[in-house]
There are 2 protein chains.
Amino acid sequence: MSPRRVTLADVAKIAGVSPTTASLVLSGRGRELRISQDVEQRVLKAAAELQYRPNIVSVGLRTGTTRTIGFVSDTIATSRLAGDMIKGALEAARERGFMLFIGETEGDPELERLLLQAMHDRQVDGLILAAMYTRTIRVPKVMGAAPAVLLNALPKQRSPLPSVLPDEVEAGRRAARVLLDAGHREGIHLVGAGPGRRDVPPGGSVAAVERLIGIREVLGEAGVKVAGGHVCADWQPEYGLAATRALLEGARPRALICFNDRIALGAYQALDDFGLKVPGDVSVVSFDDHPIAAWMRPKLTTVALPHYELGRKAVDVLFAEMGRDGDDAVQEGAVREGEVREGEVHRVPMPVRLRESVAAATP
Amino acid sequence: MSPRRVTLADVAKIAGVSPTTASLVLSGRGRELRISQDVEQRVLKAAAELQYRPNIVSVGLRTGTTRTIGFVSDTIATSRLAGDMIKGALEAARERGFMLFIGETEGDPELERLLLQAMHDRQVDGLILAAMYTRTIRVPKVMGAAPAVLLNALPKQRSPLPSVLPDEVEAGRRAARVLLDAGHREGIHLVGAGPGRRDVPPGGSVAAVERLIGIREVLGEAGVKVAGGHVCADWQPEYGLAATRALLEGARPRALICFNDRIALGAYQALDDFGLKVPGDVSVVSFDDHPIAAWMRPKLTTVALPHYELGRKAVDVLFAEMGRDGDDAVQEGAVREGEVREGEVHRVPMPVRLRESVAAATP
DNA sequence: TCGCATTGCTAATCCGATTTAGCAAACCGA
DNA sequence: TCGGTTTGCTAAATCGGATTAGCAATGCGA
């Protein structure tokens with residue numbers, strides 16, 4: 001059926017040279033090893049004629065490099081978030097001639113181990129371990145066999161792995177600035193977390209903690225006092241609805257900072273129930289840029305999770321990591337024996353999507 | 001840094017046997033080739049102690065099989081549709097110990113060729129070529145080097161490749177039956193396509209044509225006449241809104257069959273504008289089960305695209321295809337010389353998601 | 001004309017498994 | 001006791017390249 005692959009030996013035979021010579025020419029080392037122009041041309045011509053393509057499996061066996069990266073995430077099907085992350089990683093990898101193995105653990109550590117094993121068995125050159133929602137994860141021991149990067153996750157224990165994360169603190173600052181820029185200084189309520197530094201949902205949500213820090217920092221510096229805050233146990237629309245209802249029974253907010261778009265969806269409904277218009281009566285700013293944000297009426301102004309960029313960045317960092325492999329930790333200098341090097345943390349900016357849910361404050 | 005991989009040779013040495021024997025035992029062929037119990041146990045024990053894992057790259061070189069399949073789609077980041085498809089494929093593959101290479105062409109034929117090449121270079125055992133929206137595609141020549149399956153796509157030219165598609169005709173029937181079962185026989189309007197068999201949007205949407213066939217078939221058999229139909233050039237909310245508005249200016253529908261959920265979203269808005277309640281005044285049934293469907297109020301009853309199942313099925317079909325490789329087309333009997341075998345078309349059922357947008361007809 | 005570089009290419013080995021061919025020892029019947 | 005089986009294992013080839021070591025031919029100075 002399929003006509004046997006063209007091999008280097010075929011090219012060599014057609015060109016009338018040894019496989020060694022053909023290999024040398026095709027790997028570009030012909031010049032430095034003084035292969036004559038004539039021979040070089042013959043090999044190149046033969047390779048082109050036969051449409052020769054090196055067998056990466058073979059190269060992988062010999063050189064140990066398969067031009068392949070493993071991408072393991074806890075889940076990829078939930079919303080399109082993961083899709084964008086993978087897309088970013090895919091493109092960045094492809095630009096360097098690398099392919100991606102995709103794996104999904106569904107949060108099962110055993111499955112995770114199996115997947116990492118399977119990838120290791122296939123000699124991946126590097127690994128990306130990704131979480132769909134920013135959180136701390138336990139780094140499996142299997143890692144460390146190859147260069148690796150944590151994506152959207154921080155190591156639970158001290159680990160030398162670098163990580164790539166959205167810049168949530170700065171996102172908090174930006175959300176707050178959106179309101180300040182529109183002139184809001186009174187009646188700003190937080191929905192999802194706050195108002196105090198410690199008022200975050202249980203479960204140690206990285207996003208909650210960091211967004212809150214950024215928000216409080218900017219509002220504090222501007223001398224603006226947060227009018228109120230409501231922690232939501234779960235960041236789902238129904239909780240946003242309930243929290244906003246409760247809020248509206250005791251106050252007349254002028255602006256809401258919702259901690260994510262699903263909460264904002266619930267808040268919209270509560271505002272509607274109370275006959276309040278967005279953004280005329282109440283401005284709303286939120287986080288994530290969940291697909292729903294652009295569907296809502298009025299369209300929601302939100303600080304976007306840069307999934308695509310996160311994926312790209314992870315690959316960039318991974319390549320840097322792969323480059324550093326030969327020159328082992330020794331020359332890292334400051335790192336002492338037995339001390340675990342701390343992985344660098346890379347923050348990817350979260351852009352503001354200005355839409356229709358914020359209006360200028362009426363004095 | 002990383003302690004060199006454990007190889008078969010290591011296991012053999014520890015067990016005190018030759019690599020050949022170790023290989024025989026570990027591949028399960030020890031029995032038939034009369035390896036003694038004693039030796040078998042020693043090898044097994046050594047392998048377990050060393051945590052030996054065969055290097056798949058090496059096996060790939062020797063046997064030509066890499067336990068890997070390539071999944072190439074036009075885009076994966078748009079909505080979570082693709083995510084589910086990949087998830088299904090991923091799980092089905094993993095169950096057989098296979099991994100997936102993911103690639104994305106963004107509709108660029110050159111990129112597609114490059115990706116298929118790259119996968120071929122890595123000796124994938126099979127390929128899945130997927131489209132995000134059901135359509136006909138031109139099958140690149142590069143295919144055919146390995147067993148392959150079309151997913152959510154039909155070949156533009158005659159091709160021996162099997163394809164896996166959602167059963168849209170039956171979906172059309174089901175949507176119509178949802179309304180019939182609720183007692184609707186009057187005032188049923190179609191939004192997106194229809195009412196005539198030929199009234200479909202330009203671009204040759206497979207879904208439009210087939211859904212319409214199913215709808216017309218069931219309504220026709222029940223002796224129910226379609227009250228009206230509106231083709232939408234693009235199946236987006238704004239088109240659904242416009243079409244439904246136009247409809248409402250001249251008629252009082254009792255039920256709407258929207259050709260997808262985004263159209264239904266627009267229709268909801270138009271109905272609201274005219275002061276009509278869903279489902280009290282007008283029942284709505286739709287297609288796709290886009291994530292938005294569960295967010296809409298009232299929740300939308302829709303016939304779901306079974307992305308996850310499509311992904312799984314594609315892998316199943318691919319494995320069947322891979323199984324048939326040795327026994328070439330010859331014994332297919334009826335296929336004559338030079339005649340291209342037609343690929344089988346597999347239809348995956350589309351389940352109805354009964355939610356809140358359909359009410360019993362009031363006589 | 002000899003010795004030594006330099007030029008230009010190739011033979012041989014290796015990566016880590018699978019697979020084919022085959023060998024030594026034990027056994028068996030005549 | 002000898003030829004032929006059977007038993008139980010191993011040497012060697014193979015997959016398709018990369019890499020190391022080395023070889024023949026030419027050039028050049030002394």
What nitrogen or oxygen pairs link the protein and nucleotides 8-12 of chain D at under 3.5 Å?
residue: D:dG8; atom: N7; partner: B:Arg34; partner atom: NH2; Å: 3.2
residue: D:dC9; atom: OP1; partner: B:Ser36; partner atom: OG; Å: 3.0
residue: D:dC9; atom: OP2; partner: B:Ser36; partner atom: N; Å: 2.5
residue: D:dC9; atom: OP2; partner: B:Ser36; partner atom: OG; Å: 3.2
residue: D:dT10; atom: OP2; partner: B:Ser18; partner atom: N; Å: 3.0
residue: D:dT10; atom: OP2; partner: B:Ser18; partner atom: OG; Å: 3.0
residue: D:dT10; atom: OP2; partner: B:Thr21; partner atom: OG1; Å: 2.4
residue: D:dA11; atom: N7; partner: B:Thr20; partner atom: OG1; Å: 3.4
residue: D:dA11; atom: N6; partner: B:Thr20; partner atom: OG1; Å: 2.9
residue: D:dA12; atom: N6; partner: B:Thr20; partner atom: OG1; Å: 3.4

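A:Leu8 comes within 4.0 angstrom of the backbone, heavy atoms only, and of no base. Base engagement by A:Ser23 is indicated by at least one non-hydrogen atom pair under 4.0 Å involving a base atom.
Taking atom CG of residue B:Asp10 and atom P of nucleotide C:dG16, one finds them 9 Å apart after rounding to whole Å. The nearest whole Å value for the distance from the CG atom in A:Leu26 to the P atom in D:dA18 is 8 Å. One atom, CG of B:Leu61, and another, C1' of C:dC14, lie 12 Å apart when rounded to the nearest Å. Taking atom NZ of A:Lys13 as the reference point, atom C1' of C:dT10 lies 16 Å away to the nearest angstrom. Note: CD1 (B:Ile56) to C1' (C:dG16) measures 13 Å, nearest angstrom. Rounded to whole Å, atom P of C:dA17 lies 10 Å from atom CG of A:Asp121. Atom CZ of B:Arg67 and atom P of C:dT18 are 12 Å apart (whole Å). When rounded to the nearest whole Å, the span between CD of B:Gln123 and C1' of D:dC15 equals 9 Å.
Axis angle, first five pairs versus last five pairs of the helix from C:dT1-D:dA30 to C:dA30-D:dT1: 70°, rounded to 10°.
Nearest nucleotide to the side chain of B:Arg29, out of D:dT14, C:dT20, D:dG16: C:dT20.
Classified by interplanar angle (parallel below 30°, tilted 30° to 60°, perpendicular above 60°), the ring pair B:Phe319/B:Phe98 is perpendicular.
Between A:Glu104 and A:Phe71, every side-chain heavy-atom pair lies at or beyond the 4.5 Å cut-off.
Between B:Tyr52 and C:dA17 there is a side-chain polar atom (N or O) within less than 4.0 angstrom of OP1 or OP2.
Remark: the B:Arg62 side chain and the C:dA17 base include no donor-acceptor N/O pair separated by less than 3.5 Å.
Without hydrogens or angle criteria, A:Asp10 side chain to A:Thr7 main chain gives a donor-acceptor distance under 3.5 Å. A distance-only check finds no donor-acceptor pair linking the side chain of B:Ser23 to the backbone of B:Thr21 [under 3.5 Å].
Smallest separation of non-hydrogen atoms from A:Val72 and A:Leu115: CG1-CD1, 4.5 Å. In terms of heavy-atom proximity, B:Ala146 sits nearest to B:Asp125 at CB-O, 4.4 Å. Listed here is the closest heavy atom pair of A:Met85 and A:Ala131: CE-O, 3.5 Å.
A:Arg138 and A:Gln157 form no side-chain donor-acceptor contact under 3.5 Å, judged by distance and modelled atom types alone.
Residues satisfying the side-chain hydrogen bond (donor to acceptor under 3.5 Å, both in side chains) criterion with A:Arg94, sequence neighbours excluded, are absent altogether.
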